[in-house]
Protein chains: 2
Amino acid sequence: MMSKLNGLVRIAPVQSSKKPHCAVGQSTIRRPTVCMTRDSDGLSATEEEIMHATHRALVNSGYAELSISLISDELDKAKSTIYHYYDSKDALLLRFLRFTVNRFEETINTSIGDHPKEDLNHIITTLLPCDLTEEKRQLHSILVTLSPQALEQEVFREQFTEIDARLSTIIEKTVRRGIDANVFRAADPAHVAEYILATIKGTMYSRLTTNREAATVAAKSSLSSYIDSHLIS
Amino acid sequence: MMSKLNGLVRIAPVQSSKKPHCAVGQSTIRRPTVCMTRDSDGLSATEEEIMHATHRALVNSGYAELSISLISDELDKAKSTIYHYYDSKDALLLRFLRFTVNRFEETINTSIGDHPKEDLNHIITTLLPCDLTEEKRQLHSILVTLSPQALEQEVFREQFTEIDARLSTIIEKTVRRGIDANVFRAADPAHVAEYILATIKGTMYSRLTTNREAATVAAKSSLSSYIDSHLIS
DNA sequence: TATATGTGATTGAACGTTTAGTCAACATCA
DNA sequence: TGATGTTGACTAAACGTTCAATCACATATA
């Protein structure tokens, strides 16, 4: 295939082997060979700016309207700069999901103490706060927005699998500690953890996609009463 | 605003008042004035074909790649025919969500009997069947795919609110009947219903977007054991 | 019965716009 | 000097949408 350019003929590049990039799933993320100042996520300053610009674009316009141009509008750099760091829109979005998942997990890992009952309550309150701050609403909304990608793209699915596995493990450990300390009744910690997690996720999801505020409160209070009367010995 | 067309100048039509259409939210759905053969959804034969084509396109390609061209590829009609029935892509998608919600609700309303415990179990099994048929997987997947639209578009949000309200009511009635018949312990049926619904939805959602098959089984069995030991007197 | 008229359904070809992605050139700095 | 970061101009393809023209078929007129 050839395309006209100012009267010249140009060969369409099948694979631009000049640029350094590493495979991530089926798409690729470029990674400069020389070391740069990187944050905890392994991102250079510009890459992090791109992530935040993507966040803003996604929150402001939703997935359907999300485009590279829109992201660069939110960015203090040109559109083509994005392609210097990511091979494609898909590669960018996958990296962005990773970035978002990391930030989501940061909000949870805080304080796993020695009081199983309070710890469990803390986990629930963290994921289902009484009043949702704008920051948290955005974080959760992005996960809802990107989750349909997990239906077909395995690389996305893996990210969501990881979130749930991590959350489940945290809850399971807390339940197990409670059983060992005779605070909770004997039960299968793994089963109970999946059960609590499913309830939390269902409530979280409904909260964002429906107008049934009372349902959130009801589900949350029923979850607490389940823990009080069913789990606590 | 004016646009060139074959050397002529044409006035951009502000509103084509010739065509009959009725307002639905912020967008519009055209509705022919003359009566046609319509199905239970109030759709003509062609409209129903369009709905099924949209279903196929969405399942095959996902929301991100969904276009009018793609829908017409699945349809035995030209692309422009779609615009004879729907004013815009948004109007089409909104109508399609309504169509899907109706079909989803049809799968539930069957058999509300006189045995609260079995009825409750039947509801759970209907929404979380042991082996998910391809048909149900597609139906649930479409809801997951369209749900991010509910984050920002109120008309979509209302549809999802209605699904949950309907499901919640069904569960609540079953729980209330169980309490009245002394099969279930005294509890707030509304609270319990929201709790059960949240767990079901969370499990359903995780099942579609993660690879944690065991989690689905665990959550489901914990839900059953909750009902057995907590709800049943 | 044959023909004209009207109306909705359907079409293909176009419209202007936006998209993801490319590239040669320039900037910066070690 | 050479590698990296950055840019704006550019492309082909795809997008949603419009529209004049045609088709199929019912009813009215002769």
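The chains referred to below are lettered A, B, ... by the order of the sequence lines, with proteins before strands, and numbering in each begins at 1.
Contact annotation: A:Ser67 reaches the phosphate of C:dT19 (side-chain N/O to OP1 or OP2, under 4.0 Å). Using a 4.0 Å cut-off, no side-chain N or O of A:Tyr86 falls inside it from OP1 or OP2 of C:dA20. For D:dT17, neither phosphate oxygen OP1 nor OP2 lies less than 4.0 angstrom from any side-chain nitrogen or oxygen of B:Ser80.
Side-chain to base pairing of A:Lys89 with C:dT19: no donor and acceptor N or O lie closer than 3.5 Å to each other. For a distance-only test at 3.5 Å, the side chain of A:Lys77 fails to qualify as a donor-acceptor partner of the base of D:dG5.
A donor-acceptor contact shorter than 3.5 Å is absent between the side chain of B:Ser168 and the backbone of B:Ala165. With hydrogens and angles ignored, the 3.5 Å screen pairs a side-chain donor or acceptor of B:Lys136 with a backbone N or O of B:Thr126. In this structure, the side chain of A:Lys77 does not engage the main chain of A:Ile50 through any donor-acceptor pair within 3.5 Å.
To the nearest angstrom, C1' of D:dT18 lies 12 Å from CG of B:Asp87. Here the P atom of nucleotide C:dT11 and the CD1 atom of B:Ile68 are 15 Å apart, to the nearest Å. Rounded to whole Å, atom P of D:dT7 lies 8 Å from atom CG of A:Asp76. Rounded to an integer number of Å, the gap from A:Ile71 CD1 to C:dG21 P is 11 Å. Between the P atom of C:dA9 and the CD1 atom of B:Ile82 lies a distance of 15 Å, rounded to the nearest Å. Between B:His84 atom NE2 and D:dT17 atom P the separation is 16 Å, expressed in whole Å. When the P atom of D:dT4 is taken as reference, atom OH of A:Tyr85 falls 11 Å away, rounded to whole Å. To the nearest angstrom, C1' of D:dT7 lies 15 Å from CG of A:Asp73.
Residue-level contact check: A:Leu66 touches the backbone only, with heavy atoms under 4.0 Å from sugar-phosphate atoms and none from bases.
Considering only the side chain of A:Ser69, C:dT19 comes nearest among C:dT19, C:dT10, D:dC15. Of the candidates C:dG12, D:dG16, D:dT7, the closest approach to any side-chain atom of A:Ala78 belongs to D:dT7. Across C:dT10, C:dG21, D:dT6, the shortest atom-to-atom separation from the side chain of A:Tyr83 is found for C:dG21. Comparing C:dT11, D:dC15, D:dT7 by their nearest atom to the side chain of B:Thr81 picks out C:dT11.
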Quiz item: Under the ring pair (Phe, Tyr, Trp, His ring centres under 6.0 Å) criterion, do B:Tyr205 and B:His140 qualify, and how do the steps go?
Solution: CA-CA 8 Å; B:Tyr205 194 67; B:His140 295 185; over 10 Å; no
Quiz item: Going through the distances and angles, do B:Arg95 and B:Glu47 end up as a salt bridge (charged side-chain N to carboxylate O under 4.0 Å, His left out)?
Solution: CA-CA 10 Å; B:Arg95 186 63 188 81; B:Glu47 281 173 289; 5.9 Å; no
